[in-house]
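The structure appears right after this line, and notes come after that.
Labels below follow one simple rule: chain letters A, B, ... track the order of the sequence lines, proteins then strands, and each chain is numbered from 1.
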Protein chains: 2
Amino acid sequence: MVYRRTPKVQARMDSQRAAILDAAVELLATRGYAGCSVVAVAQDAGVATGSVYRHFPSKAELVAELFRQLVTREVEAVERAAQQPGSAGERVVAVVDTFAARALKAPTLAYALLAEPVDTPVEAERIVFRRAFRDVIAARITEGVRDGTLPPQQAPLTAAAIVGAVAEVMIGPLTSGSEGAVGELPTFTLRALGAPDAGNP
Amino acid sequence: MVYRRTPKVQARMDSQRAAILDAAVELLATRGYAGCSVVAVAQDAGVATGSVYRHFPSKAELVAELFRQLVTREVEAVERAAQQPGSAGERVVAVVDTFAARALKAPTLAYALLAEPVDTPVEAERIVFRRAFRDVIAARITEGVRDGTLPPQQAPLTAAAIVGAVAEVMIGPLTSGSEGAVGELPTFTLRALGAPDAGNP
DNA sequence: CCAAGAAGTGAACCACTATTCATACCTTGA
DNA sequence: TCAAGGTATGAATAGTGGTTCACTTCTTGG
């Protein structure tokens, strides 16, 4: 054999792969999942349809990778928020605020990640997405329970419930454009945690 | 003209329509949305494919009608639970319990109604579904706030959040089969409402 | 019984897209 | 430069499943 894949070629291939993912993100953010057809992605990435399949075995894998990438980004942002100083309750509120603020800044993308109908393989990634958020919140709750600022509770359940609550409350604003009653989320969150500063009777 | 649609014919058509809806419910409950193809529905209903279109302008409309019917049933059950004696908090818990118990009894159906990917037109019905639940809960919360057993709050937001929380917590058990930590939902609900008997600090 | 007209049928049609693959074009090391 | 082998292409393919429509069957009132 004479041909060997050199770093130069590898770099070109990597950048093509990145271009495909970028185009897909862009399409997901502007037209939603429906606009993310393989042909459209390829066109926007400046490659041929077939080239997409040199990097991803199927469309589902492409979108799953997409989700993974976006989710990592979001989870990192939320984790940063979770590490700010303050009580466990305050930290969970910070997570919720960060989550909501970022979602409202990129509504179409957020809707796609949160709720838009997708094929089953991609749905699996969405579950990972939600679980990652849940885990970030659950970790804070566990801390709060340990240091006594939160009442004893099943941290994963409360955390899952808060994720669901936030997602549910956001879906209206995300699809309609208005901010709705998102501003009340912190109070709800504190109450749901059983935090002492939540104004409970 | 000689032909007129008589009550007898109308009755036959009505029962055919009902048969189609029944078959669709059955398929939705056993194979999920994916198993609900028009051909399969027609076959199970014992009619021709084309006959489906004599009753529904499109598959989306058929499924939307299906959703409407199922949602009405569920909302009625939940409303009954909401009218049992007790404090506002207890009533909301009764709603949540009823919702969860019924969902666990028909997991595939519940998953289809709650979370399974569907086309956009059907998604609209799902939103109606969730809003109906929200409204039932919000009404109890408003009562509780008025009679002082619950702290002042935006009832619709708390209600939406509780719906989202319940849905989120249920999705795991619904897809995996196990009951998970659903048993903790009442405590969470009471806490989220800010009810006095929730064991808050 | 019959003509008018409606209801019922289901195979064929069609739109939509993910996927393939024969072909053209590049890259490499000798 | 050249042969070997890889990479890129995009038109064609294929599977899916909703929808149609020419045709058959049934119903009605005279």
Per-nucleotide protein contact string for nucleotides 8-16 of chain D (B base, S sugar-phosphate only, - none; heavy atom under 4.0 Å) = BBB------

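- Residues of residues 27-45 of chain B that place a heavy atom closer than 4.0 Å to DNA chain D, in numerical order, are S37(B), V38(B).
- In this structure, NZ of K8(A) is placed 18 Å from P of dG6(D), rounded to the nearest angstrom.
- Legend: residues meeting salt bridge (Lys or Arg N to Asp or Glu O under 4.0 Å) with E65(A), ordered by chain and number and at least two apart, are R17(A), R68(A).
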inquiry  = Pair L70(A), F129(A) - check side-chain contact (heavy atoms from CB on, under 4.5 Å), show working.
reply    = CA-CA 9 Å; L70(A) 291 170; F129(A) 174 44; over 6 Å; no

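- Considering all non-hydrogen atoms of both residues, Y53(A) and S58(A) come closest at CE2-CA, 4.0 Å.
- Regarding Y3(B), its OH atom lies at a distance of 5 Å from the C1' atom of dA6(C), rounded to whole Å.
- Contacts with DNA chain C (heavy atom under 4.0 Å) in residues 57-66 of chain A: S58(A), K59(A), listed by number.
- When all heavy atoms are compared, the tightest approach of A138(A) to A155(A) is O-CB, 3.8 Å.
- In this structure, A23(A) and D44(A) approach most closely via the heavy-atom pair CB-CB, 3.8 Å.
- Smallest separation of non-hydrogen atoms from A192(A) and R191(B): O-CD, 3.5 Å.
- Annotation: side chain to side chain donor-acceptor pair (under 3.5 Å) contacts of R91(B) (sequence neighbours excluded): E143(B).
- With distances taken from any side-chain atom of Y53(B) to the nucleotides dA6(C), dA4(D), dT20(D), the minimum falls on dT20(D).
- Qualifying side chain to side chain donor-acceptor pair (under 3.5 Å) partners for D14(B), counting only residues two or more places apart in sequence or in other chains: Q10(B).
- Within the cation-pi definition used here (under 6.0 Å to the ring centroid, within 45° of the axis), K105(A) does not qualify as a partner of F99(A).
- The side chain of R4(A) has dG29(C) as its nearest neighbour among dG29(C), dT7(D), dG18(D).
- In this structure, L193(B) and I162(B) have side chains that are in contact, with non-hydrogen atoms separated by less than 4.5 Å.
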inquiry  = Go through it in stages, so that I can follow the logic: the residues are R126(B) and E123(B), the test is salt bridge (charged side-chain N to carboxylate O under 4.0 Å, His left out), and I'd like the CA-CA distance, side-chain angles, deciding distance and then a yes or no.
reply    = CA-CA 5 Å; R126(B) 176 178 289 163; E123(B) 191 71 20; 3.3 Å; yes

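- If you measure from atom CD of Q10(A) to atom C1' of dG6(D), you get 12 Å, rounded to the nearest angstrom.
- The phosphate of dT27(C) (OP1 or OP2) has no side-chain N or O of R5(A) nearer than 4.0 angstrom.
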